[in-house]
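Contents: one structure, followed by commentary.
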There are 2 protein chains.
Amino acid sequence: MLRQRGLRATPQRLLVLQILEDVGEHLDAENIWLRGKDYDPSLSLATVYRTLHLLEENDLVSQRYFSRDHKKEYYELQKEEHYHFTCQRCGKVIEIHTPRIEQARQELAKELGLVFTHACICFEGYCSSCAQEIQHTQGEHTHVS
Amino acid sequence: MLRQRGLRATPQRLLVLQILEDVGEHLDAENIWLRGKDYDPSLSLATVYRTLHLLEENDLVSQRYFSRDHKKEYYELQKEEHYHFTCQRCGKVIEIHTPRIEQARQELAKELGLVFTHACICFEGYCSSCAQEIQHTQGEHTHVS
DNA sequence: TTTCGTGCAAATGGTTTGCAGACGC
DNA sequence: GCGTCTGCAAACCATTTGCACGAAA
């Protein structure tokens, strides 16, 4: 599949793809590297980065940011449109599906003549269970004070 | 206004606020620092960063990312809901207004019980004039070949 | 005077890059 | 064998932090 674009199917590249496939969810480069070293101890972090960029350019992988901290990049196999919500209390990442973003894109494309090629959309807050627990805690405090 | 929260109104803090107000659009920390040094040559970049974080925590300033490169943070005075679109050809940043994001938030809050506290939304692509020029260029190429 | 802020310089940490050797094709 | 890839280690660079001094309240 890659060879058609003049790229070499090296074991390192296949390994990175394999790991992303097996895990099935977003991983950061270091995590991919650590997992990869189980199979190829000489795998270097630089190669993981280079491979991820290459796979991204070829639309096999997409790079994402989570939550407010955009210092670290995450990667996942490209799949149908979706976004991410990170709970700032328990850290859970929830996959979000909504047609509103695409709707916004189409409306803005029509209104302003924009052509969209890429977007970074990520949400942060409290998941339902954390939100409940916080409300309970606050309720008690309010009651006491 | 800040003093009410137990914070000191130092000249450096006022200066950073002043610059953001005067410029009226997003700036990165280094840019703020450079402008600030015209008024206070001893101003340090570290103080600019510390001030921006403090202002952000107090909801006077909001931190943003633009385009695909999230290595650099930008800051602007907090104002009504809006998002940004960056043209990847001319670099222009266009301010976007759409109710769809808020709509998505509300729908997701109701459906999944999520509580939203923060989001990073930014778009990238071609502005209308760049999109036209690209189409022309491609048209010519197609014509020639 | 006491605490909070600042400037300086060094540290941080994820990501990128130069280079020489290794390997896919 | 040629041209691409890789591993290594060093470089990058925006941002953060430790520390001693300076200045608000």
Side-chain angles (χ1 to χ4, degrees), chain A residues 1-19 26-58 60-75 120 122, chain B residues 1-19 26-58 60-76 120:
Chain A
M1 33 178 111
L2 279 180
R3 247 166 290 202
Q4 299 175 340
R5 320 211 190 192
L7 300 167
R8 294 186 181 168
T10 65
Q12 291 90 338
R13 289 174 179 175
L14 298 177
L15 180 55
V16 168
L17 265 175
Q18 185 68 53
I19 289 167
H26 51 86
L27 290 170
D28 60 33
E30 188 182 6
N31 214 312
I32 294 170
W33 176 55
L34 290 173
R35 288 167 190 263
K37 290 215 291 186
D38 291 345
Y39 299 90
D40 174 2
S42 73
L43 180 67
S44 88
L45 187 52
T47 296
V48 171
Y49 275 110
R50 282 188 282 231
T51 300
L52 287 168
H53 292 329
L54 181 142
L55 294 174
E56 196 191 355
E57 283 160 20
N58 288 277
L60 287 173
V61 160
S62 57
Q63 183 267 322
R64 304 282 200 148
Y65 290 107
F66 293 135
S67 86
R68 204 172 313 202
D69 173 21
H70 286 208
K71 295 208 165 50
K72 190 172 235 157
E73 302 172 349
Y74 292 84
Y75 299 87
C120 171
C122 56
Chain B
M1 33 179 113
L2 278 180
R3 247 167 291 202
Q4 300 175 339
R5 320 209 190 192
L7 300 167
R8 292 183 183 170
T10 66
Q12 291 90 338
R13 289 173 180 175
L14 299 177
L15 180 53
V16 168
L17 265 175
Q18 186 67 53
I19 289 167
H26 52 86
L27 290 171
D28 60 32
E30 188 181 8
N31 215 312
I32 294 170
W33 174 56
L34 290 173
R35 288 167 189 264
K37 291 215 292 186
D38 291 345
Y39 299 89
D40 174 1
S42 72
L43 180 66
S44 88
L45 186 52
T47 295
V48 172
Y49 275 110
R50 282 188 282 232
T51 299
L52 287 169
H53 292 149
L54 181 142
L55 294 174
E56 197 192 353
E57 282 160 21
N58 288 277
L60 287 172
V61 159
S62 56
Q63 182 268 323
R64 304 283 200 148
Y65 291 107
F66 293 136
S67 85
R68 204 173 311 205
D69 174 20
H70 287 208
K71 294 207 166 51
K72 191 172 235 160
E73 302 173 349
Y74 292 85
Y75 299 86
E76 60 186 12
C120 171

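Numbered from 1 within each chain, the chains take letters A, B, ... in sequence-line order. Since the model is a prediction, treat every value here as computed from it, not as a measurement.
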Could you check how far [atom1] of [X] sits from [atom2] of [N], rounded to whole Å?
X       : N      : atom1 : atom2 : answer
A/Gln63 : C/dT15 : CD    : C1'   : 11 Å
B/Asn31 : D/dC13 : CG    : C1'   : 16 Å
A/Ile32 : C/dT15 : CD1   : C1'   : 14 Å
A/Leu52 : D/dT6  : CG    : P     : 12 Å
A/Lys72 : D/dC13 : NZ    : P     : 22 Å
A/Asp40 : D/dG7  : CG    : P     : 6 Å
A/Lys37 : D/dT6  : NZ    : C1'   : 15 Å
A/Trp33 : D/dC8  : CH2   : C1'   : 11 Å

B/His70 and B/Tyr65 aromatic ring geometry - parallel, tilted or perpendicular at 30°/60° bounds: parallel
Which of these nucleotides, [options], is closest to any side-chain atom of [X]?
X       : options                : value
A/Pro11 : C/dG24, C/dT6, C/dT15  : C/dG24
B/Gln12 : C/dG7, C/dT15, D/dT16  : C/dG7
B/Thr47 : C/dG5, C/dT15, C/dG7   : C/dG7
A/Arg50 : C/dT15, C/dG18, D/dA24 : C/dG18
A/Ala29 : D/dG7, D/dT15, C/dT15  : C/dT15
A/Ala46 : C/dT15, D/dC8, C/dC8   : D/dC8

Any N/O donor-acceptor pair, A/Arg8 side-chain to D/dC5 base, under 3.5 Å: no
Phosphate-side-chain proximity, A/Thr10 and D/dT6, N/O vs OP1/OP2 below 4.0 Å: yes
Sugar-phosphate, base or nothing in reach of A/Glu73, heavy atoms under 4.0 Å: sugar-phosphate
Touch class at under 4.0 angstrom, heavy-atom based, for A/His53 against every strand present: sugar-phosphate
Toward the 5' end of DNA chain C, by each residue's nearest nucleotide, B/Arg13 or A/Tyr74: B/Arg13
Contact nearer the 5' end of DNA chain C, comparing B/Leu43 with A/Leu7: B/Leu43
N/O donor-acceptor pair under 3.5 Å between A/Arg13 side chain and A/Arg8 backbone: yes
Donor-acceptor pair, side chain of B/Asp69 and main chain of B/Lys71, under 3.5 angstrom: yes
A/Arg35 side chain reached by A/Leu27 side chain, heavy atoms, under 4.5 Å: yes
Heavy-atom side-chain contact between B/Ile32 and B/Thr51 under 4.5 Å: no
5′-ward residue of the pair A/Val48/B/Glu30 relative to DNA chain D: A/Val48
Result of checking B/Arg64, B/His26, B/Gln63 against B/Glu76 for side chain to side chain donor-acceptor pair (under 3.5 Å): B/Arg64
